[in-house]
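The structure appears right after this line, and notes come after that.
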Number of protein chains: 2
Amino acid sequence: MSERFRVVSNINCQNCSISQLCLPYTLDDSSLNQLDNIIERKRPYHKGELIFQAGEPLRSLYAVRSGSFKSYSVSNDGDAQITAFHLPGDLIGFDSVHSSTYCSFSEALETSMVCEIPYANLETLSDQLPLLRRQVMRLMSSEISADKQLMSLLNNKSAEQRLATFLLDFSERFRSRGLSSREFRLSMTRAEIGNFLGLTVETVSRLLSKLHRESCITVDGKFIFLKDSPRLQDIAGLQLRACATS
Amino acid sequence: MSERFRVVSNINCQNCSISQLCLPYTLDDSSLNQLDNIIERKRPYHKGELIFQAGEPLRSLYAVRSGSFKSYSVSNDGDAQITAFHLPGDLIGFDSVHSSTYCSFSEALETSMVCEIPYANLETLSDQLPLLRRQVMRLMSSEISADKQLMSLLNNKSAEQRLATFLLDFSERFRSRGLSSREFRLSMTRAEIGNFLGLTVETVSRLLSKLHRESCITVDGKFIFLKDSPRLQDIAGLQLRACATS
DNA sequence: CGTACCTTTGACGAGGATCAACTCGGGTGG
DNA sequence: CCACCCGAGTTGATCCTCGTCAAAGGTACG
């Protein structure tokens, strides 16, 4: 066997397939090594396990390595609101760095792996590596931007538009990770989709059935196949005005 | 007159009353001077004037000095979504730093002043001043956190709960700026409140009337007086469970 | 002082929540 | 191996909040 001695070390930033979506993006080799040195990789999380809970002291940020997670917060009156679904390459915890404690929960939706980035070390390293600092800021900015878009979705769009947008969003996210954008598996339940989109389970289920009936998509449990994504985009409200005016 | 020669220089970060809400927070004197040096202060913006538009190259971030602004984005199908209202001390533009162009619009709601922070200079200075970098990250994190909370508000709460939360949010923001938390003027129109909260003008107007009728608040045009803020908090869903269990 | 916009209030209807019943699949224990 | 259970998902019937449409003041600003 040509395996290296430190078997665990074959998981690292230098050879990570999704590094262009993650912290390493734009980093040179030396910086990349420094970053890789502060990252800890532990046992996988199983479905339902929490990476952290609201109220715990902020130790680390986490990058999804494989699998998926949901982040949610719990309001004073006790109901949970899912604020994001995380796929490989996504960073988790930016909403908490202004505080000394986590202000949300993050839970595995399936067996998943993460790279743990101790926050104190990231701070120190960011002071030394301007490129790293900039990438952190880019990622935070992207999250802000995405949240604003989501706000617009929740405020102005119908249930059907929300769901269509949701499916297209995941399609695009899978595509950018080198997976199929036409067929994929959604690891979350209907209830979780509904919670995220501000809809009930029943509405989500009804609309998936409707889109299936209209041959727009094929639904088989958690597996989704986009049969007619142009029409899905049309439903989502991404009208191709450019076409109309040309 | 004991005024300095450079009259304009009496407006600076060193003597700014809201610096603890803004970039200068935690900075030492030397750093503060360096920050102040890169900041540009220009003519006031009048109601309706844009600081920047979506698509323009990203030049600067902006800190509100006086007055107020709204930020909004315009979706493909042409309708605008207000994503934030900005009060003095707030920073504007974090949603765009992952891009080379602004991805939203920012418009004065009344005659207002801003401090312009050229982004390239902020980048350079952040490389030199770890404290500044950390404050930028804290502010970005706070914005992410606030957006998540808003998401929860829009997804789970009734129209009345949204409006009550909105009023309490502004009350708190005015308080932290040394203004009255009981009575204040909302510089935006009912339509803008509605757009932000995912409600129609009519609903906002009706609910303000209802709260007024029930002696919870007093409404006089844009002036709001919180007569019974405990009840408003109750309506907002911030139930004081702690009391119930004690 | 006129015009345009903002605000308020009423009547009505639709979209999605709620309530309820049933199916399906997987895990557990007898 | 099968009975049982539990959670997830689907579908139907009904209800209610809030959006839509309409019309009448109010207010601000040139």
Side-chain angles (χ1 to χ4, degrees), chain A residues 46-48 70 77 79-82 107 109-111 152-167 185-214 217-224 235 237, chain B residues 46-49 70 77 79-82 107-111 152-167 185-214 217-224 235 237:
Chain A
H46 295 294
K47 179 174 177 169
K70 64 171 175 182
D77 37 346
D79 41 33
Q81 170 63 42
I82 297 174
E107 181 182 326
L109 293 173
E110 58 195 311
T111 301
S152 174
L153 184 72
L154 301 176
N155 262 352
N156 309 310
K157 304 301 172 96
S158 70
E160 192 172 20
Q161 288 178 305
R162 293 187 211 183
L163 189 62
T165 306
F166 178 82
L167 293 175
R185 178 179 169 277
L186 294 175
S187 56
M188 70 293 293
T189 66
R190 304 286 192 266
E192 287 165 335
I193 296 173
N195 180 296
F196 179 68
L197 293 175
L199 304 173
T200 58
V201 201
E202 294 93 328
T203 302
V204 173
S205 179
R206 263 187 263 274
L207 289 175
L208 284 174
S209 301
K210 178 163 179 273
L211 290 173
H212 188 135
R213 212 161 45 237
E214 294 171 350
I217 64 176
T218 301
V219 183
D220 178 17
K222 296 197 182 305
F223 289 92
I224 305 288
I235 292 172
Chain B
H46 296 294
K47 179 172 176 170
E49 278 189 288
K70 64 171 174 181
D77 38 345
D79 42 33
Q81 170 63 43
I82 297 174
E107 179 182 327
L109 293 172
E110 59 196 310
T111 301
S152 174
L153 185 71
L154 301 176
N155 263 351
N156 310 310
K157 304 300 172 102
S158 69
E160 191 172 20
Q161 288 179 306
R162 294 186 211 182
L163 189 63
T165 305
F166 178 83
L167 293 175
R185 178 180 170 277
L186 293 175
S187 56
M188 71 294 294
T189 66
R190 303 286 192 265
E192 287 165 335
I193 296 173
N195 180 297
F196 179 67
L197 293 176
L199 305 171
T200 58
V201 200
E202 294 93 329
T203 301
V204 172
S205 180
R206 263 186 263 274
L207 289 175
L208 284 174
S209 300
K210 177 162 180 273
L211 291 172
H212 187 137
R213 211 162 46 237
E214 293 171 349
I217 64 176
T218 301
V219 182
D220 178 17
K222 296 199 182 302
F223 289 92
I224 305 288
I235 291 172

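Protein chains get the first letters and strands the later ones, always in sequence-line order, with residue 1 at the start of each. Side-chain atoms are counted along with the backbone in the values below, which use heavy atoms only and exclude waters and symmetry mates.
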Return no unless some side-chain N or O of A/Lys222 is found under 4.0 Å from OP1 or OP2 of D/dA8.
no

Pair of N/O donor and acceptor under 3.5 Å linking C/dC6 base with B/Glu192 side chain:
no

When rounded to whole Å, the CG to P distance for the pair B/Asp79 and D/dT20 reads 11 Å

How close or far is atom C1' of C/dA4 from atom NZ of B/Lys47, stated in whole angstroms?
12 Å

Taking side chain as C-beta onward, heavy atoms only, is A/Val219 less than 4.5 Å from A/Leu211?
no

OP1 or OP2 of C/dA17 less than 4.0 angstrom from a side-chain nitrogen or oxygen of A/Thr203, does that happen here?
yes

I need the minimum non-hydrogen distance between B/Ile193 and B/Met188, along with the two atoms involved.
CG1-CG, 3.5 Å

Nearest-neighbour nucleotide for the B/Ser209 side chain, C/dT8, D/dC18, C/dC6 considered:
C/dT8

More than 12 heavy atoms from other groups under 6.0 Å of NZ on A/Lys222:
yes

Toward the 5' end of DNA chain C, which comes first, B/Ser205 or A/Glu202, by nearest nucleotide?
B/Ser205

Sugar-phosphate only, base, or nothing, as touched by B/Gly194 at under 4.0 Å among non-hydrogen atoms
nothing

For A/Arg206 and for B/Ser158, locate the closest nucleotide of DNA chain D by heavy-atom distance; then report the residue assigned to the nucleotide nearer the 5' terminus.
A/Arg206

Is the distance from OP1 or OP2 of C/dC6 to the nearest side-chain N or O of B/Thr189 less than 4.0 Å?
no

At less than 4.0 Å, is any side-chain N or O atom of A/Arg190 found next to OP1 or OP2 of D/dT10? Yes or no.
yes

Quick check for you: among D/dG9, C/dT18, D/dC18, whose closest atom lies nearest to any side-chain atom of A/Thr200?
C/dT18

What nucleic acid atoms does A/Leu199 come within less than 4.0 Å of, heavy atoms only: base, sugar-phosphate, or nothing?
sugar-phosphate

Minimal non-hydrogen separation, B/Ala164 against B/Ile235, with atom names
CB-CG2, 3.9 Å

Mark yes or no for whether B/Arg162, through its side chain, and B/Lys157, through its backbone, hold a donor-acceptor pair below 3.5 Å.
yes

Any donor-acceptor pair under 3.5 Å joining the side chain of B/Glu160 to the base of D/dC18?
no

